[in-house]
Colleague: 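One structure, pasted below without further comment.
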Amino acid sequence: MKLYNSLSREKEEFLPLREGHVGMYVCGPTVYNYFHIGNARPFIVFDTFRRYLEYCGYDVTFVQNFTDIDDKMIRAAHEQGITVKALADRFIAEYFKDAQGLNVRPATVHPRATEHIQQIIALIGRLIEKGHAYPTESGDVYYSTRTFPAYGKLSGQDLEDLEAGARVEINEEKKDPMDFALWKAKKPGEPYWESPFGEGRPGWHIECSAMSMQYLGEMFDIHGGGMDLKFPHHENEIAQSEGATGKPFVKYWVHNGYINIDNKKMSKSLGNFFTVRDLSKRFNLLAVRLFMLSAHYRNPVNFSMDLLEQAEAALKRIDNCMENLCYVVENGEKAADAALPLKEYKARFLAAMEDDLNTADALGVLFEAVKEANICFADKPDADLARQTLSLLKELLDVLGLEKEACQTVPDEILVLAEQRDAARREKNWALADILRDQIIQKGYEIKDGADGTKISKL
RNA sequence: GGCGCCAUAGCCAAGCGGUAAGGCACGGGUCUGCAAAACCCUUACCCCCAGUUCAAGUCUGGGUGGCGCCUCCA
């Protein structure tokens, strides 16, 4: 497939380092709160990417970390009067709940920073040995960006320009303003670990280098994350990892665009955000997933409730088609002239995915198939073709993570009520028929009267 | 100041040189005891100017407008 590589700024042919295997690392959440839809975008995008790679037959090792120690974690734990660990445990559990709602599968490994302190310390040790890092009087350790000539290759910045516009904190212990912390000396009331450089905790960037190396090796295929992580986070990861190993760290860097609110970046610090948890109270979270996939992953997308409602309506269109297909599979007859270009849909869908994961285009193909299936089966209810169509739709929806239990059986209790209602309708006893309809709706089922009889489906 | 992105119908959005996918909404229709749902049909010359080309949303240059990174943030 073609994949846009942020490092080369070009679409490249995707060729994994080891044939048939893909190692993929994605920056995960800092677990101090529920995650918002801005966080959700990379989760959904890279989950979809992973699903597609697996669909293509790759054996994918997918690593997504939890940042469970940093300033925000410490502050939030203090405010809530609990330990940092308790805070992390809680929001990691909440992460999995929301992720499940979005149909984001658990990663192969979800490493936690605090459980990899030894690896982090070892990596910092290597960097000091190689002269890329230096300890200070007060017990911090900094990375010396000047010792890594390629610094800036990902973000296209050079050190001189960065410094000219730098708004970095003043710190007299740093040799250079662009140096960044690998290890931070212990402060009162903060969690700390023993290390050769003194008691303290890891800096902001080192965990991703240490943990990706632990689970994917010193070189791996894909590193993903939001655009805003490109600098400085990912730039620093490159400096750390390549500085330590002397080898290329990541083959393909993949960055997703932002979610905007009213055309402004959504972020926790601006306060203009929606958590997935809140949205789950009003919407089917699969609609959130569809919303995310309806634009190309590298483009910024604006978010609003209105847009989410649109996505929910679109999702319903797919569901209705599937239901209809189920009905035809059960009740259809032979129709020799019924035909749909199923192979063509599949080929076009896959071609879209091959082109830098163009899910928007792929969805377009899916909806075309839905429309043509609706037309075809309206007057040619061929059970065989319906079965094949249903199977294709399921297969493709599964790649996008939008699959839903189709052809659910309606419980006898509901069927009995529906039969009673039909009987009442035949006797033109509308009052009774309406009472029975209300009962069915109350039990969570939907009644659809049509030319070919009454259909019942779960709401 | 440095680096970068975007501009397609009422809204969202694909398109990567050959005469504009798809979704939502609106309107029209089919079905229906009513209602709901569902389904079908309908809707654009692509921000402006200049250029390259037989051919340009699609390439180049210049505008205009929006956004992001350079500071914790997906």
Side-chain angles (χ1 to χ4, degrees), chain A residues 2 6 9 11 26-30 35-43 45-46 67 70-72 75 152 155-158 160-169 178 204 224-233 235 255-260 263-270 273 290-291 294-296 298-304 306-318 320-321 323-324 348 352 355-356 358-371 374-375 377-378 424-426 428-430 433-434 437 441 446-452 454-455 457 459:
Chain A
K2 297 275 185 213
S6 300
R9 293 173 192 77
K11 276 190 202 175
V26 174
C27 293
T30 302
F35 67 85
H36 59 63
I37 55 164
N39 301 305
R41 171 117 98 145
F43 302 157
V45 164
F46 292 105
T67 297
D70 83 331
D71 292 346
K72 294 190 295 288
R75 192 181 339 118
S155 52
Q157 305 272 353
D158 82 48
E160 308 307 324
D161 291 335
L162 280 168
E163 280 194 29
R167 284 175 280 170
V168 291
E169 63 182 291
M178 292 313 297
W204 301 317
M227 291 281 238
D228 53 346
L229 291 183
K230 205 192 269 188
F231 190 91
H233 184 59
E235 200 70 72
H255 293 98
N256 62 273
Y258 300 101
I259 301 287
N260 293 153
N263 266 322
K264 299 276 181 199
K265 179 180 163 182
M266 180 175 81
S267 69
K268 284 181 180 170
S269 47
L270 289 176
F273 63 91
L290 179 66
F291 166 78
S294 66
H296 185 87
R298 280 190 285 117
N299 290 154
V301 292
N302 232 341
F303 175 84
S304 71
D306 190 48
L307 260 12
L308 200 47
E309 279 166 21
Q310 289 186 15
E312 203 166 43
L315 192 64
K316 191 99 198 297
R317 182 171 168 80
I318 296 173
N320 280 319
C321 178
E323 267 172 30
N324 190 31
R348 286 172 57 209
D355 182 16
D356 196 25
N358 194 336
T359 53
D361 210 9
L363 276 168
V365 176
L366 211 52
F367 278 105
E368 264 184 78
V370 164
K371 168 175 279 194
N374 283 336
I375 293 171
F377 293 112
R425 288 172 72 214
R426 278 193 296 275
K428 301 206 189 298
N429 185 347
W430 310 130
D434 289 350
R437 178 168 64 196
I441 291 169
E446 191 176 24
I447 288 274
K448 294 175 190 172
D449 294 331
D452 50 353
T454 299
K455 293 178 192 170
S457 58
L459 277 177

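Order of the sequence lines fixes the chain letters, A, B, ..., with proteins taken first and strands second; residue numbering starts at 1 for each chain. A quick note: this is a predicted structure, and the numbers were derived from the prediction, not measured.
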Colleague: At 4.0 Å (heavy atoms only), tell me whether A:Lys448 reaches a base, stays on the sugar-phosphate, or touches nothing.
Modeller: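 Base, at least one base heavy atom under 4.0 Å.
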Colleague: Please work out which of the three classes, parallel, tilted or perpendicular, describes the rings of A:Phe291 and A:Phe303, given edges at 30° and 60°.
Modeller: perpendicular
Colleague: Could you measure the distance from the CG atom of A:Asp71 to the CH2 atom of A:Trp204? Nearest 0.5 Å is fine.
Modeller: 6.0 Å
Colleague: Taking the P atom in each of B:A20 and B:U42, what is the distance between them to the nearest angstrom?
Modeller: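 To the nearest whole Å, 16 Å.
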Colleague: Check every strand shown and say whether A:Arg425 touches a base, only sugar-phosphate, or nothing at a heavy-atom separation below 4.0 Å.
Modeller: base
Colleague: To the nearest 0.5 Å, tell me how far A:His233 NE2 sits from A:Ser155 OG.
Modeller: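 Those atoms lie 13.5 Å apart.
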Colleague: If you only use heavy atoms from C-beta on, which nucleotide in B:G15, B:C67, B:A37 is closest to the side chain of A:Glu446?
Modeller: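 Comparing B:G15, B:C67, B:A37 against the side chain of A:Glu446, the answer is B:A37.
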Colleague: Could one point to a donor on the side chain of A:Lys264 or the base of B:C67 with an acceptor on the other under 3.5 Å away?
Modeller: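 Looking at the base of B:C67, it does not pair with any donor or acceptor on the side chain of A:Lys264 (distance under 3.5 Å).
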Colleague: Suppose you measure atom C1' in B:A55 against the same atom in B:G1; what distance do you get, rounded to whole Å?
Modeller: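 Their C1' atoms lie roughly 42 Å apart.
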Colleague: Would you measure the distance from the C1' atom in B:G65 across to the matching atom in B:A25 and give it in whole Å?
Modeller: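 Rounded to whole Å, the distance is 26 Å.
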Colleague: Rounded to the nearest 0.5 Å, what separates atom CG in A:Asn429 from atom CG in A:Asp434?
Modeller: 9.5 Å
Colleague: Tell me whether the side-chain N or O atoms of A:Arg437 pair up with the base of B:A35 as donor and acceptor below 3.5 Å, since no angle test is needed here.
Modeller: yes
Colleague: Base, sugar-phosphate, or nothing for A:Asn320, non-hydrogen atoms under 4.0 angstrom?
Modeller: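 Sugar-phosphate contact only - A:Asn320 comes under 4.0 Å of backbone atoms but never of a base.
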Colleague: Touch check for A:Gly257, heavy atoms < 4.0 angstrom, all strands: base, sugar-phosphate only, or nothing?
Modeller: base
Colleague: A:Gln157 has a side chain; which of B:C3, B:A74, B:A38 sits nearest to it?
Modeller: B:C3
Colleague: So A:Arg348 and A:Glu368, do their side chains get closer than 4.5 Å, heavy atoms only?
Modeller: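 Counting from C-beta outward, A:Glu368 and A:Arg348 do come under 4.5 Å.
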Colleague: For atom C1', what is the distance between B:C47 and B:C67, given to the nearest Å?
Modeller: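 Each nucleotide's C1' atom is 16 Å from the other's.
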Colleague: Using both distances under 3.5 Å as the test, list the Watson-Crick or G-U wobble partner of B:G17, or none.
Modeller: none
Colleague: Closest approach to the side chain of A:Asp228, judged atom by atom: which nucleotide of B:C41, B:C69, B:G33 is it?
Modeller: B:C69
Colleague: Got A:Leu290 and A:Leu363 here, is their nearest side-chain heavy-atom distance under 4.5 Å?
Modeller: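 Yes, their side chains come closer than 4.5 Å.
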Colleague: Tell me if B:G57 is syn or anti. Syn = glycosidic torsion within 90° of 0, anti otherwise.
Modeller: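 Base orientation: syn.
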Colleague: In whole Å, what separates the P atom of B:A37 from that of B:C24?
Modeller: 14 Å
Colleague: Please give the distance between the C1' atoms of B:A74 and B:A21 as a whole number of Å.
Modeller: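 Per the computed distance, 29 Å lies between those C1' atoms.
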Colleague: So, do A:Asp355 and A:Asp361 sit near enough that their side-chain heavy atoms are less than 4.5 Å apart?
Modeller: no
Colleague: Along nucleotides 7-14 of chain B, 5' to 3', which nucleotides get a B, which get an S, and which get a -, given that the test is a protein heavy-atom distance under 4.0 Å?
Modeller: ----BSSS
Colleague: Between the side-chain atoms of A:Asp434 and the base atoms of B:G33, is any donor-acceptor pair under 3.5 Å?
Modeller: yes
Colleague: Using atom P in both nucleotides, what's the gap between B:A56 and B:A14 to the nearest angstrom?
Modeller: 24 Å
Colleague: At 4.0 Å (heavy atoms only), tell me whether A:Ile441 reaches a base, stays on the sugar-phosphate, or touches nothing.
Modeller: nothing
Colleague: Given side chains that start at C-beta, do those of A:Asn39 and A:Pro29 come closer than 4.5 Å, heavy atoms only?
Modeller: no
Colleague: Determine the Euclidean distance between corresponding P atoms of B:G23 and B:G18; express it in Å to zero decimal places.
Modeller: 23 Å
Colleague: Just checking A:Gly38: base, sugar-phosphate only, or nothing, at a heavy-atom cut-off of under 4.0 Å?
Modeller: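 It contacts base atoms.
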Colleague: Are B:G68 and A:Tyr258 stacked, with the base six-membered ring and the side-chain ring centres under 5.5 Å apart and planes under 30°?
Modeller: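 By the stated criterion, A:Tyr258 and B:G68 do not stack.
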Colleague: Hey, could you give me the CZ/CZ distance between A:Arg41 and A:Phe35, rounded to the nearest 0.5 Å?
Modeller: 15.0 Å
Colleague: Between A:Lys265 and A:Leu315, who's closer to the 5' end of RNA chain B by nearest nucleotide?
Modeller: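 Of the two residues, A:Leu315 wins.
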Colleague: Quick check for you: among B:C67, B:C73, B:G23, whose closest atom lies nearest to any side-chain atom of A:Ala314?
Modeller: B:G23
Colleague: Specify the residues of residues 362-370 of chain A, ordered by number, for which at least one heavy atom lies under 4.0 angstrom from an atom of RNA chain B.
Modeller: A:Gly364, A:Phe367, A:Glu368
Colleague: If we only count heavy atoms from C-beta on, is the A:Arg425 to A:Asp449 side-chain gap below 4.5 Å?
Modeller: yes
Colleague: State which residue, out of A:Arg298, A:Lys11, A:Lys2, fulfils the salt bridge (Lys or Arg N to Asp or Glu O under 4.0 Å) condition with A:Asp356.
Modeller: A:Arg298
Colleague: NZ of A:Lys428 versus P of B:U32: gap in Å, rounded?
Modeller: 12 Å
Colleague: Between A:Arg348 and A:Gly156, name the one whose nearest nucleotide on RNA chain B is closer to the 5' end.
Modeller: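 The residue whose closest nucleotide sits nearer the 5' end is A:Gly156.
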Colleague: How long is the gap from CG on A:Leu315 to CG on A:Asn320, to the nearest 0.5 Å?
Modeller: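 It is 10.0 Å, given to the nearest 0.5 Å.
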Colleague: Side chain of A:Asp355 only, please: which of B:C39, B:A35, B:G15 is the nearest?
Modeller: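 Taking heavy atoms from C-beta onward, the closest nucleotide is B:G15.
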